[in-house]
Structures are given as C-alpha cells and as structure tokens.
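Reminder, nothing fancy here: chain letters follow the sequence lines and each chain counts from 1.
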There are 2 protein chains.
Amino acid sequence: MKTTLDSDRDLSAQIASAIRDAIVSGQLIVDERLPSEAELADTFAVSRPTVREALKRLAAQSLIRTQRGASGGAFVNRLSYDETVGQQITTATLLLSMNEVDFETACEARFALEKACAPASARRRSADHLAAMRAEIHRQSQPGLSDEGFCASDVAFHRALVEGAGNPVLGWHLAGAIEGMQPLMNMITFSARDRARIVGLHDAIANALEARDAQGVQTGLDALEHETLRLAGQVRAARAARRR
Amino acid sequence: MKTTLDSDRDLSAQIASAIRDAIVSGQLIVDERLPSEAELADTFAVSRPTVREALKRLAAQSLIRTQRGASGGAFVNRLSYDETVGQQITTATLLLSMNEVDFETACEARFALEKACAPASARRRSADHLAAMRAEIHRQSQPGLSDEGFCASDVAFHRALVEGAGNPVLGWHLAGAIEGMQPLMNMITFSARDRARIVGLHDAIANALEARDAQGVQTGLDALEHETLRLAGQVRAARAARRR
DNA sequence: AGATTTCATTTGTCAGACATTTAAAACTCT
DNA sequence: AGAGTTTTAAATGTCTGACAAATGAAATCT
C-alpha cells in the first residue's frame with residue numbers, strides 16, 4: 001500500500017488511490033480492518049484531516065465502511081449489487097443528460113442491451129417475473145395514470161424482464177442502462193393512443209416470454225424501440241414547430 | 001440544495017447528498033461554481049473540514065472538480081465517458097471478485113452484452129476498427145507472448161469490436177463488462193493449442209465483421225463463449241484434482 | 001500603455017482539542 | 001463463581017484556528 005507521495009497532486013487523492021489499489025489488487029481483503037486514521041496519518045506522513053478526506057473518497061465509492069467506537073475503524077466493504085446500482089444509475093443518468101447524447105444513440109444502446117437479456121430471460125423467467133410484468137401492464141392500462149407513473153411502470157416492466165434472466169451481473173449492467181434513460185423518457189408525453197400501442201407491445205413481449213420464445217421477445221423489443229423513436233421524433237418535431 | 005440535517009448520520013454524507021441531488025436534479029448546471037467552502041460551512045452550519053469531506057466524496061464520483069486560487073472553487077464537472085469508465089471498471093471488477101460470482105454467470109453476461117453490439121458494429125465499423133482487430137490478432141499469434149499479454153490483447157480486440165458500434169453509450173456499458181472479467185480470465189493459463197483456437201475464432205469474427213455479417217459475428221462470439229467456458233472448466237477440474 | 005508588484009480570495013494542509021460511540025475490562029453484588 | 005453494572009480506553013466525528021500555496025485582479029511603477 002505504501003507509495004511515494006508526489007506532493008504536487010492532492011495528497012488525499014494519492015492516499016485514496018494507494019488504498020484503492022491495495023483493495024483492488026487483493027492486498028486488503030473484504031472485512032479487513034484498515035489501520036486507524038492516526039496510524040495512517042503516521043505512515044503517510046500527513047495529518048489526520050487529510051487521511052479522513054482520503055477515506056471519505058473511498059467511502060463515496062462504497063469501497064470502505066466506517067464504524068465508531070472501540071475496535072471500530074474503516075473496513076473493506078463487500079460491494080453489493082444493491083449498493084452500487086444507485087451510483088451506477090446516477091452516473092449513467094448524468095452522462096446522458098450532460099453530454100447531449102442524442103435520443104437515438106441512448107435508445108439504441110438501451111434496447112440493444114435489453115435484447116441481450118431476452119434469450120436468458122425466455123429460458124429462466126419464473127412465474128413471479130411474468131406475474132410482475134402482467135401487473136405492470138395492468139397498471140399501465142389505467143386511464144388515470146400520470147405520465148410519470150406510466151414511465152415508472154414502464155421501467156418496472158423492463159426491470160422484471162431483465163431480472164427474469166436470473167443473472168445478477170446482467171441485471172446490474174442493465175439497471176444503469178434502463179433507469180438512466182428515464183429522464184429522457186419523461187420528456188415524452190404519451191397520448192392515450194400511444195399508451196395503448198405500448199401496452200400492446202408489452203403484452204406481446206409478455207406473451208412471448210410466457211411461451212419461452214426468445215425470438216418473439218426480441219421482435220417485440222425491436223417494435224418497442226421503433227415506437228419509442230417515433231414518439232421521440234414527434235416530440236422533437238413539436239418542439240421545432242413551437243420555436244418557429 | 002438546503003435540507004435539514006439529521007445529525008444522526010454523517011454530516012459530510014448528508015451534505016454530499018444534498019449537493020449531489022442539486023446536481024442530478026439540474027439545480028446546479030455544468031461548470032457552475034459552488035459556494036466557497038467557507039460559505040458552504042456557513043449555510044450548512046458545520047465546520048470547513050466537514051464541508052471538505054463532503055466535497056471530496058463528490059470529487060470521488062467526478063461530480064465536481066476543484067481549482068485553487070482567486071476565483072477558484074468547486075465546479076460542477078461535465079461527466080465524460082473517459083473519466084467515469086475507470087470507476088465503472090473498478091466497481092465491476094470488485095463486484096465480480098468479492099461476490100464469488102461463478103464464472104458461468106459472469107461469462108454469460110459478458111458475451112450476451114457483447115453480442116448486443118454485433119449488429120451495430122457490423123453496420124458501422126470503420127476500416128480502422130477492423131485494422132485494430134487484425135493487429136491484435138497478429139499480436140496474439142506471437143509465440144513469445146505472456147499470458148497477461150495475451151489477455152490484454154484479447155481485451156483490446158473486444159474493445160475494438162465494441163467501439164466499432166460507434167455508440168459511446170454502448171461502449172461505456174461494455175467497458176465494465178469486458179474489463180471487469182479480466183481478473184477471472186487471468187486465472188486461465190492458455191496452452192499453445194488453446195491460443196490457436198481462440199485466435200482462429202477471433203479471425204472468424206473479424207472476417208464476419210469485414211463482410212458486415214452481424215449473424216456471423218454473433219455465431220463467432222457464441223463459439224468463443226463456449227470455448228471460454230470449456231477452458232474455465234479445465235482450470236476448475238485441475239484445481240479440484242490438485243486439492244485431492 | 002505596458003510591465004511589474006501587491007493583494008485578496010480560495011483551496012490545501014496541519015495541529016490540537018473535544019464530543020460521541022462502542023466494546024472490552026474492571027468491578028460489585030448476590 | 002456468576003451475572004449485572006460501571007469504568008475505561010480506543011476509535012471515529014466534529015470544531016477551531018492557523019498557515020501555505022496558487023491564482024486572478026487590482027494597484028503601481030516605468
């Protein structure tokens with residue numbers, strides 16, 4: 001873990017890097033206790049506040065957790081999917097919103113990744129996953145549902161599809177792809193006819209999944225991608241017209 | 001950005017959350033300057049070190065950057081793909097290594113996602129991407145190459161395939177999936193015959209990509225996945241035999 | 001006017017102190 | 001001796017105050 005400090009870069013950043021490397025390379029294993037802040041300050045020859053800033057950087061990435069009191073300290077954290085998926089979504093969301101990614105690019109990525117789940121989900125989806133999807137379809141058919149509610153249900157539907165693949169790694173990657181798109185999706189206002197069309201496609205996908213028909217699921221997702229792009233195009237056209 | 005502080009959770013964590021929410025929700029826009037540390041300490045009624053710890057948490061996620069000097073301060077950072085892909089890889093790597101994900105699960109996810117890139121890559125790959133892949137194939141054929149070198153070249157090959165899709169969002173998601181697998185791949189020792197087989201499959205994939213044959217690329221990736229699983233099975237069998 | 005110096009602002013770092021939490025050790029009473 | 005209580009020590013969380021270093025802007029000088 002020891003490295004020479006450059007003194008030109010931020011000390012806390014360098015110390016965080018050194019400890020992070022030790023964790024990634026396996027020199028520090030899960031649940032192992034790091035030296036106390038005072039000891040770290042000694043070994044790196046810096047003050048305790050500087051060490052603390054470094055530790056907070058690591059805590060922000062969920063790499064460590066801290067515990068107060070005797071026999072407390074900083075411990076290497078076992079990264080969990082649930083813990084990291086939030087950061088994943090935050091990052092994905094900001095990447096899309098800050099970099100002016102055109103809707104087509106984001107949409108292509110999102111559906112391409114989701115289609116990648118189709119074969120595994122068709123093979124392994126349980127009755128529960130199917131029921132969850134049917135429930136969301138039912139919610140989406142309610143006339144009084146708000147646009148945000150419709151989008152949230154849409155996300156839940158697709159999350160259920162992905163969960164059906166029974167692969168936590170796949171689920172983790174997809175969470176960012178699907179939820180990160182939500183702000184972009186929220187810019188769309190869905191007419192009753194649009195909603196009916198989408199619900200119909202969701203139904204077709206659920207049916208294909210029930211029949212364990214991977215190809216059918218992918219076809220449904222293709223149609224859904226096409227429909228989404230069409231709606232986005234309408235929004236853009238309306239906006240251009242208003243500007244004129 | 002103002003919120004009531006609970007005083008039971010870490011103050012710096014709460015302050016970081018408040019600022020993070022302000023960024024995600026768009027109240028703070030890219031390149032906007034945050035109040036100085038002293039001002040933040042005032043508004044949140046905490047000391048400057050506490051504010052600094054909060055800011056370091058945000059810096060660890062690349063949400064802000066800081067600059068010293070007059071008219072310096074903390075600025076909302078425009079998240080770039082290059083900046084965040086490193087964190088993405090670190091997280092993905094640790095998730096796999098810390099959670100004892102079985103090789104099959106990780107492998108399935110990785111190849112499923114990569115297959116998702118095949119259609120776009122077949123359509124849009126440039127001559128440069130193809131040349132990069134050919135170059136890596138050539139490197140992989142060198143007899144003197146070390147196992148790590150072989151793995152690194154393998155990663156570069158697949159990265160080129162993904163980049164060929166010309167979709168930065170897709171590329172960002174795939175980077176974690178592919179590079180995160182590297183530690184698991186490094187546990188495999190490749191015999192000369194194994195390498196020849198893999199290089200042959202790489203060649204087939206490159207040929208399919210040259211012919212813009214998406215189905216051929218997917219078939220090649222399927223075969224590569226099968227081959228990878230076979231090699232991993234050998235390693236596991238050898239390990240079980242040694243333990244006996 | 002242009003170059004130089006000074007200055008104010010802001011982050012980076014340090015030292016020392018106190019508060020709070022927590023588990024283990026010491027102690028007391030039955 | 002054993003169970004419950006109190007004390008204590010170690011660790012993080014927070015605060016105060018200070019100085020160093022960087023940096024842009026204002027003031028000054030040629």
Distance in Å, A:Arg52 CZ paired with A:Leu40 CG, rounded so as to fall on 0.5 Å steps
12.0 Å

What is the separation between atom CD on A:Glu37 and atom P on C:dG16, rounded to the nearest whole Å?
17 Å

Rounding to an integer number of Å, can you tell me how far B:Ile64 CD1 sits from C:dG12 C1'?
14 Å

Quick check for you: name the first and last nucleotides of DNA chain D, 5' to 3', having an atom under 4.0 Å from a heavy atom of chain B.
D:dG13 to D:dG24

Using a strict 4.0 Å threshold on nitrogen-to-oxygen distance, state whether B:Arg78 and B:Glu83 make a salt bridge.
no

So that I can tick it off, tell me whether A:Arg57 and B:Glu53 are bridged by a salt bridge, with the cut-off set at under 4.0 angstrom between side-chain N and carboxylate O.
no

Do the charged groups of A:Arg110 and A:Glu114 touch, with an N to O distance under 4.0 Å?
yes

Salt bridge flag under 4.0 Å for residues A:Arg159 and A:Glu179
yes

Charged N to carboxylate O below 4.0 Å: is that the case for A:Glu163 and A:Arg125?
no

Starting at atom NZ of B:Lys56, determine the distance to atom C1' of C:dG12, rounded to an integer number of angstrom.
8 Å

Using a strict cut-off of less than 4.0 Å between a Lys/Arg side-chain nitrogen and an Asp/Glu carboxylate oxygen, indicate whether A:Arg139 and A:Glu136 qualify as a salt bridge.
yes

Check every strand shown and say whether B:Arg33 touches a base, only sugar-phosphate, or nothing at a heavy-atom separation below 4.0 Å.
sugar-phosphate

Salt bridge A:Arg65-A:Asp31, side-chain N to carboxylate O under 4.0 Å
yes

Under-4.0 Å salt bridge between B:Arg124 and A:Glu108:
yes

Contact pattern, 5' to 3', of nucleotides 19-27 of chain C - B, S or - by protein heavy atom under 4.0 Å:
-BBBB----

Under 30°, 30 to 60°, or over 60°: which ring-plane class applies to B:Phe150 and B:Phe190, parallel, tilted or perpendicular?
tilted

For DNA chain D, which residues in residues 47-55 of chain B have a heavy atom at a distance below 4.0 Å?
B:Ser47, B:Arg48, B:Pro49, B:Thr50

